[in-house]
There are 2 protein chains.
Amino acid sequence: MVQKSKKPPVTKIDAPVPPKRRGRPRAYQPDVALGKALDLFRKDGFAATSLDDLSAATGMNRPSLYGAFGDKRELFIKSYRRYREDARVAMGGIFRDELPIRRRLERIYAVALDIYLSGESGPRGCFTVMTAASEAVHDPDIRAMVLEGFTELDKAFAACFRLAKEKGELSENADPVVLAQLASATIHTIAIRARAGMPRKELDAIVNGALDVMLRA
Amino acid sequence: MVQKSKKPPVTKIDAPVPPKRRGRPRAYQPDVALGKALDLFRKDGFAATSLDDLSAATGMNRPSLYGAFGDKRELFIKSYRRYREDARVAMGGIFRDELPIRRRLERIYAVALDIYLSGESGPRGCFTVMTAASEAVHDPDIRAMVLEGFTELDKAFAACFRLAKEKGELSENADPVVLAQLASATIHTIAIRARAGMPRKELDAIVNGALDVMLRA
DNA sequence: ACTTTTTTGTACCATTTCGCAAAAAATTCC
DNA sequence: GGAATTTTTTGCGAAATGGTACAAAAAAGT
């Protein structure tokens, strides 16, 4: 076996052209299936979601699910990763925006609330918070991912405040790290309260009050 | 039978003397059994806790469990009520204490962290938050209880800040309601992060930073 | 001693759940 | 057209789950 001709060298990582796979073609698109799985997990949580539910939601039958994503736990982990990616693309732009700090934060919370309040059968909250509240205690891998999610948010907020301070939008003795933790705390509280059914108006009010204090009138 | 001698008139509502029940005596104490059930629910959540688990933990077999507390959902609800009562007695005194505001809040958070970090197999977090993250979406009764839990905490904090303001410990333009929501947010964030495995030191630091900002250095 | 009352303990049932094996189907390669 | 390859489909099976029926047990009343 001098030359390995097994795979044609994939220069373009995901070409829009189907790469002519060998056997029977898939009846599903992994991306959309994973999205459906994520929706279900967000709605019901890990324990209350059965493989049959997932099978029905994705349109894949159980063996296909298994072949594509592994067992239930692996599918959950992949769903969670997908959630984080989605959140990053939804947020990423705003964090790097050049708006004044108050506007920037308002936008961030608006997008967050869009995510938390979405869902056909009731608001779904923040998947990171949900996972922390359930699986994180018993599964070290999941716990690590969740912790990483928290610190990622903390850091993003901290960078936000640091930038604002450099631009003179905050007082000299403002501590970006502390403010970031408060900003995260506000994210967490609205995520939880959203899932408990609190209407958007009240959540917006909480955000506004928190911003008043953090940005120190 | 001129005088009704069926029951001796129970003037004292719960005498420490066992009231001579009629049939076979219970092999368990409902209070401690409910406590064990609460421990389990807090550890694993509703869906991941089976009746067999509960049976093993309480020492009662399933039919007895059913007879004493109703089905799984009812047992969960009773466990949650118990949690709230426990939390109230643990907190109640401090909220009404006459300490300076900073000290008072420090104590509150210390007690809260004691509750959230307790647990033989990992920190158990706040049961209200956990329940909001899971069952609250699908069960209106549970959702109502959880929402009530949130507003109860908000109100307690608000009273706290109102008192401090009256005593001149806060600036004139401080808004007790807004500060209370931030104080609740801080409770929520440490509850979640505790369950995600964040060590107490870091949680204490978050509390301290939050107090700095709320009490306006 | 016998009846009544209440709880326990054993056993059972219908359903759900996760996982997998084996056959059938759809496609490419030769 | 036939072999090779990959996926789908069907269906099985062992275990767990929530709930209940029923007899045995343990106490008080008579």
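Convention: sequence-line order gives letters A, B, ...; per-chain numbering from 1.
- Nearest heavy atom pair, residue B:Arg104 against residue B:Cys160, reads NH1-SG, 3.5 Å.
- Distance CG (A:Leu65) to P (C:dC18): 11 Å, rounded to an integer number of Å.
- Rounded to a whole Å, the CG atom of B:Asp52 is 15 Å from the P atom of C:dG9.
- One finds a side-chain N or O of B:Asn61 lying less than 4.0 angstrom from the OP1 or OP2 phosphate oxygen of C:dG9.
- A side-chain donor-acceptor contact under 3.5 Å links A:Arg195 to the backbone of B:Ser134.
- Per the geometry, CG belonging to A:Asp44 stands 11 Å off P belonging to C:dT17, to the nearest Å.
- Computed from coordinates, the B:Lys72 NZ to C:dT16 P distance equals 15 Å when rounded to whole Å.
- Using a 4.0 Å cut-off between a side-chain N of Lys or Arg and a carboxylate O of Asp or Glu, A:Asp53 and A:Lys36 do not qualify as a salt bridge.
- A salt bridge links B:Arg88 with B:Glu152: at least one charged nitrogen is closer than 4.0 Å to a carboxylate oxygen.
- Among the protein residues, A:Ser50 comes within range of the sugar-phosphate backbone only, with heavy atoms under 4.0 Å from sugar or phosphate atoms but none that close to a base.
- Seen from the ring of A:Tyr83, A:Arg42 does not count as a face-on cation partner, given the 6.0 Å and 45° thresholds.
- Place B:Tyr28 and B:Gly23 on DNA chain C by their nearest nucleotides, and B:Gly23 ends up nearer the 5' end.
- One can place CG of A:Leu54 at 14 Å from C1' of C:dG19, the figure rounded to the nearest angstrom.
- One atom, CZ of A:Arg22, and another, C1' of C:dA26, lie 13 Å apart when rounded to the nearest Å.
- In this structure, of C:dG19, C:dT5, C:dC20, it is C:dC20 that holds the atom nearest to the side chain of A:Tyr66.
- Rounded to the nearest 0.5 Å, atoms CD1 (A:Ile142) and CZ (A:Phe76) are 5.5 Å apart.
- Going from atom CZ of B:Arg62 over to atom P of C:dT10 covers 12 Å, rounded to whole Å.
- The residue B:Arg26 sits close only to the backbone: its heavy atoms come under 4.0 Å of sugar-phosphate atoms, none of a base.
- A:Asp86 and A:Arg82 are joined by a salt bridge, as a carboxylate oxygen and a charged side-chain nitrogen come within less than 4.0 angstrom of each other.
- Counting non-hydrogen atoms under 4.0 angstrom, B:Thr49 reaches the backbone sugars and phosphates but no base.
- When DNA chain D is scanned 5' to 3' for any atom under 4.0 Å from a heavy atom of chain B, the first and last hits are D:dT17 to D:dG29.
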